[in-house]
Engineer: 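Would you mind keeping the following structure in view while I ask a few things?
In the text below, chain A, chain B and the rest are named by the order of the sequence lines, each starting its count at 1. Owing to the predicted nature of the structure, the values given are computational and were not obtained by experimental measurement.
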There are 2 protein chains.
Amino acid sequence: MKLVTYVNTFLNEQIKRTSNTLTQKTPEPKKRANLRDVAKVAGVSVATVSRVLNEPGVVKKDTLEKVQAAIDALKFVPSAAARAINSGRTRFVGALVPTLDNAIFARFLAALERTLSERQLSLIVATTDSDLEIEAEKAQSLVDIGAEGLIITGAAHSDALHDLLNRTMLPAIVTSFYDAENPLPTIGYDNAAVAQLALQHLADLGHRRIAVVHGPVHDNDRTRTRLSGLRALPWTGELTTYETEISHRGGAEGARRICSQPQKPDAILCLSDVVALGVLFGLQAEGITVPDDVSLVGIDDLPSSAVAVPAITTVHLPVSQMGEKAADALARWISDQERPSAERLEGRLMERQSAIPLRSI
Amino acid sequence: MKLVTYVNTFLNEQIKRTSNTLTQKTPEPKKRANLRDVAKVAGVSVATVSRVLNEPGVVKKDTLEKVQAAIDALKFVPSAAARAINSGRTRFVGALVPTLDNAIFARFLAALERTLSERQLSLIVATTDSDLEIEAEKAQSLVDIGAEGLIITGAAHSDALHDLLNRTMLPAIVTSFYDAENPLPTIGYDNAAVAQLALQHLADLGHRRIAVVHGPVHDNDRTRTRLSGLRALPWTGELTTYETEISHRGGAEGARRICSQPQKPDAILCLSDVVALGVLFGLQAEGITVPDDVSLVGIDDLPSSAVAVPAITTVHLPVSQMGEKAADALARWISDQERPSAERLEGRLMERQSAIPLRSI
DNA sequence: TTGACATATGTAACTAGTTTCATCAACCTC
DNA sequence: GAGGTTGATGAAACTAGTTACATATGTCAA
């Protein structure tokens, strides 16, 4: 309101407008000043104003000051849409993650958003519910509305998404997954290695019968890769897998299923910490003590794992670092056409209290 | 430039382009078709194509089909930026939340995003780290890049943000907070009432000495309101407050501080479930049993609270519903100029195992 | 003094849509 | 058959920026 009044008054001397205002019930939603307004106020051409914004070096000092003053007076902010239309740069990217409900993605996104915003890029978050069809749809609409790049989770996607990426050749980075051979640059950990780290630890502690509790394998290549990593480890123990929902509830249910088996495992390996904490609760509910009755190992290293009682031994995944690196790589790819190379982040075993050597009977 | 090449090929049958391609090292990032291209292919004017997109009813059937065919053939998708420039509608809104690290906000955002996307609106998430200065800055840049509306958390904000909202009169909805008198529409729960619900429950169970563990009050009106709600309850017991970080770690530390006091409280009331779970862990680490030694109550009703052992008695906050309602209200406000009225969502006590009647000695 | 060149700025054409207004044909009424 | 109305479409102006090109001025060397 104030702005419109201001501009009109200023440019067209429509003083009568003041009385208009009185008769209006809805205080009209004020327009913001545009380049032409600034140019008129500063007494220069629109080109000069544009130069002040984009290459101030070429503008003479006192012209620059005049324009700057006009910009301040009108509180002028260039329209992002108009800029986007010419430059093709919309200054936002999209991230496709399975869910916000798992802290591991929330932490990743927090780092991603922080780093992107340092690069003057906004982030649009789209959740896919771990459904590759939904993922492809949301990717399409991100592209349609002008995303300059995508962050996607995992390497396996629907044909529709692969097509989209091939057609548009949009900068897109795969995260939570490392594979140097992947057609798209991957920035993440080697999921097979990460799972092996956890299993090897249990093996080193002497455990032989191990229950693996994991999330859905459908539409989730990270879980599949972790599982095949486990199976690929040269080790002669016995693995039993339990698929469940990735949630505390899912973990608790996994624990119940394990307890209903005739023979208890030596240890339980959970492919994510959310599930591990759920399993811990589930075991407690069944009166089973960790680690005395059974050892427990997770993967992710969520903050809760360090605080739980017993503290959960897990594999630390550097998701914040992954967010920063993915943001940096994507920002550079967009601005310099510099396609990043794959980057492998290492998981690290965090030995805590939930896994102890197998008691010899 | 690239666009010219593409259009030429398509429209003027410049077959030589094939050989061009061979000499090019970089497979050019093919630009998408625009309105003019579609119009040319369909043999109609740009106005007609625009009508097909926006008011297909007024276009004759066979013209419509011709245009539709051209759109499909060229895989034409209208540029969001160009639309935004004329209509002023950018079709995205911004949400300012303190953090993604607390599941309560992650759950809220998930519902918000889901509902907004049904209304063809994208969501840009900005985290403020519970800092009102950062909040104002991020709000400003959301507005600068064209957000059509804002979702903000809590009613207390910096002058800069209030100024921004007054100046632009942008649709903005306050969530996680109910106050019918607030200048902006609020959609949320009455934080004082919610805290009272929890305290009343403990009071009803006979507890008299209650430790309250809560997050920072600085820059957080929700916590302040909950605390003053507790103090306003007509009740003669004794409250001791412990401020800590909102995290599992913060809760555990709170538990340690409580345990270091000469006299133990009857019960512990945590103003958020994340803290409550941390307190539970902290107490377990100190060898104190919940609920036998001390009762514990939280607020939020995160999924983990139902699964924890003991399951944590808490006040359920309908955050998913809040996300849906906020999204609906904001979408309607934006499209119909229909300013929503405040909406109060009720918290609900979830009685579980962590709080039991005070044992008479 | 003139030409060569750099510097600073303006004009107008561009980006990709929407929208106003004009045009034209078809149909209906008198 | 003239006039009025409606329906469908197009030309061109408009949104708010960027940018290619033109122009005006100033500096310096020949």
Engineer: Can a donor-acceptor pair be found, under 3.5 Å and without considering hydrogens, that links the side chain of B:Thr90 to the backbone of B:Gly146?
Structural biologist: yes
Engineer: Output the pairing pattern of DNA chain D as a dot-bracket string, 5' first, Watson-Crick or G-U wobble with both distances under 3.5 Å, | for cross-strand pairs, [ ] for crossing pairs.
Structural biologist: ||||||||||||||||||||||||||||||
Engineer: Under 3.5 Å, side chain of A:Thr99 to main-chain N/O of A:Thr127, donor-acceptor pair present?
Structural biologist: no
Engineer: In this structure, how many angstroms lie between the P atom of D:dG17 and the CG atom of A:Asn34, rounded?
Structural biologist: 6 Å
Engineer: Within this structure, what is the CZ-to-P distance between B:Arg32 and C:dT15, rounded to whole angstrom?
Structural biologist: 15 Å
Engineer: For DNA chain D, find the residues of residues 51-67 of chain B with a heavy-atom distance under 4.0 Å and give them by number; none if there aren't any.
Structural biologist: B:Arg51, B:Val58, B:Val59, B:Lys60, B:Thr63
Engineer: Is the side chain of A:Glu148 donor-acceptor paired with the backbone N or O of A:Arg89 at a distance under 3.5 Å, no angle test?
Structural biologist: no
Engineer: If you take all heavy atoms of B:Trp333 and B:Pro185, which pair is closest and at what distance?
Structural biologist: CZ3-CG, 3.5 Å
Engineer: Looking at A:Val46, is its backbone amide N or carbonyl O close enough to the side chain of A:Ser50 to form a donor-acceptor pair, meaning the two atoms are under 3.5 Å apart?
Structural biologist: no
Engineer: Ignoring the backbone of B:Thr48, work out which of C:dG17, C:dG10, D:dG10 is nearest its side chain.
Structural biologist: D:dG10
Engineer: Does a side-chain N or O of B:Arg83 approach OP1 or OP2 of C:dT18 to a distance below 4.0 Å, or not?
Structural biologist: yes
Engineer: State, without any angle test, whether B:Gln140 and B:Asp144 hold a side-chain donor-acceptor pair at a distance under 3.5 Å.
Structural biologist: yes
Engineer: Between D:dA16, D:dT19, D:dA11, which nucleotide gets closest to the side-chain atoms of A:Ser50?
Structural biologist: D:dT19
Engineer: For nucleotides 24-27 of chain C, which of its nitrogen or oxygen atoms have a protein nitrogen or oxygen under 3.5 Å away, and what is each distance?
Structural biologist:
none

Engineer: Whole angstroms only, please: what is the CZ-P distance between A:Arg36 and C:dA12?
Structural biologist: 12 Å
Engineer: Between A:Leu112 and A:Thr175, is any pair of side-chain heavy atoms under 4.5 Å apart?
Structural biologist: no
Engineer: Base, sugar-phosphate or nothing for A:Ser79? Non-hydrogen atoms, less than 4.0 Å.
Structural biologist: sugar-phosphate
Engineer: Starting from C1' on D:dA16, measure out to NZ on A:Lys40 and report it in whole angstrom.
Structural biologist: 13 Å
Engineer: Nearest whole angstrom, please: distance from the C1' of C:dT15 to the CZ of A:Arg89.
Structural biologist: 16 Å
Engineer: Quickly work out the B:Ile85 CD1 to C:dC14 P distance and round it to whole Å.
Structural biologist: 17 Å
Engineer: Quick one: B:Asp37 CG to C:dG17 C1', roughly how many Å, whole number?
Structural biologist: 13 Å
Engineer: In whole angstroms, how far is the P atom of C:dT15 from the CG atom of B:Leu35?
Structural biologist: 12 Å
Engineer: Checking the side chain of B:Asp37 only, and the main-chain atoms of B:Asn34 only, is there a donor and an acceptor separated by less than 3.5 Å?
Structural biologist: yes
Engineer: Counting side-chain heavy atoms from C-beta on, which of C:dA16, C:dC14, D:dG10 comes nearest to A:Asn86?
Structural biologist: C:dC14
